[in-house]
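In what follows, a structure is listed as structure tokens, so that the remarks can point back to it.
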Amino acid sequence: MRECRTIADVRVCVREARRALRRIGCVPTMGALHEGHISLMQEARRSCDFVVATIFVNPTQFAPNEDFSRYPRDEAGDLAICRDQGVDAVFLPSVDEMYAAGAKTFIHVRELTDTLCGPFRPGHFDGVCTVVAKLFNIIQPDSAFFGEKDAQQLAIIRRMVADLDIPVAIVGCPTVREPDGLALSSRNRYLSPEERIAARCLHRSLLLARKRIMAGETRAGQLVNEMFEIVHESGATAIDYISIVDPHSLQVIEHIVRPVLVALAVRFGQTRLIDNMTISPPPAGRPA
Ligand code: AMP
């Protein structure tokens, strides 16, 4: 496995693979790798011949009050996981390598960034889009793999790639969960034992929404209220949002007659967790 710390290094490495007509797959991550990241690597391994994982805790996607400096970092552990997964090259640039002094350009995707997490994390998606576009320009992969766990991020990246004619296929991969339903996240390790138990409420509330929609409930407002109750009772510190939106436009919908994205963001102490589920109503609103 090649470890590349500079843009020049990773470009050479990928150029060699491309010359050998290998299909390049890219898995962007912020490290502290877990089974969720591993599932993306495995999907990349299945459909590509040369897999590049990137590990970069991107400062531009953290607001000043967020957890950039304490975000978990474990380079040795991450490299071991990449090696185990048969990753061909890992790109681990420093912040200075990725952001030249005086950089003035960033990418802003309109509207899709105004809903869900957008208002609670100003500038976050601009940071994500800018770093992902840079990674695409540096690596020029044929495909890139992202988790459905970050559904808004996935929708925004799909939009960006379409709008900017970036020649990369975006592949969404299902959310990997703990046995009790909690979506794996590098931030789960911040939770106290009590918060870890309380955090089950995210998935529980999504399961309730799915059950109610499958049983014919079409009133989004009613479902959001019921989900609020579950999350509130769990002892969560704060609920940023619980929303039912169109999976593509991310606009709030009131009447569930097509597949919807049910998404929520909840805080436990300092830790902010997100989760979501795409749910299709039964045909013609009839109970399944
Ligand atoms: P992160 O390191 O948190 O920026 O995540 C890197 C990639 O892994 C993103 O595309 C995430 O959506 C994806 N990811 C994170 N957690 C999970 C999970 N539990 N299941 C599937 N993909 C995930």
Side-chain angles (χ1 to χ4, degrees), residues 25-48 51-63 66-68 70-75 77-79 81-82 85 87 90-93 95 98 116-117 121 124-136 139 141 143-161 168-191 196 199-200 202-203 206 247 261 263-266 271-278:
C26 177
V27 180
T29 81
M30 296 207 298
L33 300 179
H34 52 63
E35 290 292 333
H37 301 113
I38 290 173
S39 73
L40 307 188
M41 292 174 190
Q42 291 176 342
E43 189 55 40
R45 239 326 11 125
R46 271 193 286 277
S47 53
C48 297
V51 176
V52 185
T54 74
I55 298 176
F56 180 60
V57 184
N58 174 33
T60 66
Q61 69 187 71
F62 290 79
E66 292 184 345
D67 56 345
F68 173 69
R70 68 183 187 110
Y71 194 82
R73 289 163 172 88
D74 176 14
E75 188 179 298
D78 289 347
L79 287 172
I81 288 175
C82 292
Q85 294 305 317
V87 165
V90 181
F91 179 45
L92 327 85
V95 171
M98 281 302 274
L116 304 177
C117 288
R121 304 193 68 186
H124 168 68
F125 290 114
D126 296 352
V128 169
C129 286
T130 304
V131 81
V132 168
K134 284 166 70 71
L135 291 171
F136 287 171
I139 294 165
S143 304
F145 299 80
F146 292 89
E148 290 171 356
K149 149 103 186 334
D150 297 279
Q152 184 173 19
Q153 170 174 286
L154 181 55
I156 290 170
I157 288 170
R158 285 191 197 284
R159 188 74 253 164
M160 172 183 81
V161 161
V168 56
I170 302 299
V171 182
C173 303
T175 301
V176 178
R177 298 178 179 283
E178 299 280 4
D180 68 356
L182 180 66
L184 295 191
S185 162
S186 306
R187 291 189 168 100
N188 290 351
R189 66 188 72 187
Y190 300 149
L191 298 169
R196 171 64 188 79
R200 292 174 182 162
L202 280 89
H203 186 239
L206 290 168
L261 176 71
L264 70 169
V266 181
T271 309
R272 183 175 187 276
L273 301 182
I274 57 172
D275 203 348
N276 70 84
M277 209 179 261
T278 299

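Counting starts at 1 for both ligands and their atoms, following the listed order. We're numbering straight along the sequence, starting at 1.
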For atom 22 (N) of ligand 1, grab the closest protein heavy atom and report residue, atom and distance to one decimal in Å.
-> Gly147 CA, 3.5 Å
Look at atom 5 (O) of ligand 1 and say which protein heavy atom is nearest, naming residue and atom and giving the distance to 0.1 Å.
-> His37 NE2, 3.4 Å
Please say whether the positively charged group of Arg272, taken as NZ for Lys or CZ for Arg, lies over the ring of Tyr190, i.e. under 6.0 angstrom from the six-membered ring centre and within 45 degrees of the axis.
-> no
Which part of Pro28 is near ligand 1, with near meaning a heavy atom under 4.0 Å away: side chain, backbone, both or neither?
-> backbone
For Thr175, counting its heavy atoms only, list the atoms of ligand 1 lying under 4.0 Å from any of them.
-> 20 (N), 21 (C)
Closest candidate by heavy atom, reference atom 9 (C) of ligand 1, pool Glu178, Lys149, Gln153 | Gln153
What protein heavy atom is closest to atom 20 (N) of ligand 1, reported as residue, atom name and distance in Å?
-> Val176 N, 2.9 Å
In terms of atom number and element, which parts of ligand 1 are under 4.0 angstrom from non-hydrogen atoms of Phe146?
-> 10 (O)
Contacting atoms of ligand 1, where contact means under 4.0 angstrom from a heavy atom of Thr29 = 2 (O), 6 (C)
Could you tell me if any non-hydrogen atom of His34 lies under 4.0 Å from any atom of ligand 1?
-> yes
For atom 14 (N) of ligand 1, find the nearest protein heavy atom and state the residue, atom name and distance (0.1 Å precision).
-> Asp150 OD2, 4.3 Å
Considering only protein heavy atoms, which is closest to atom 21 (C) of ligand 1, and at what distance to one decimal place?
-> Pro174 O, 3.5 Å
Does Ala32 reach ligand 1, in the sense of a heavy atom lying below 4.0 Å from it?
-> no
Which of the atoms in ligand 1, numbered in the order shown and given with their element, are less than 4.0 Å from a heavy-atom of Leu40?
-> 7 (C), 8 (O), 10 (O), 13 (C)
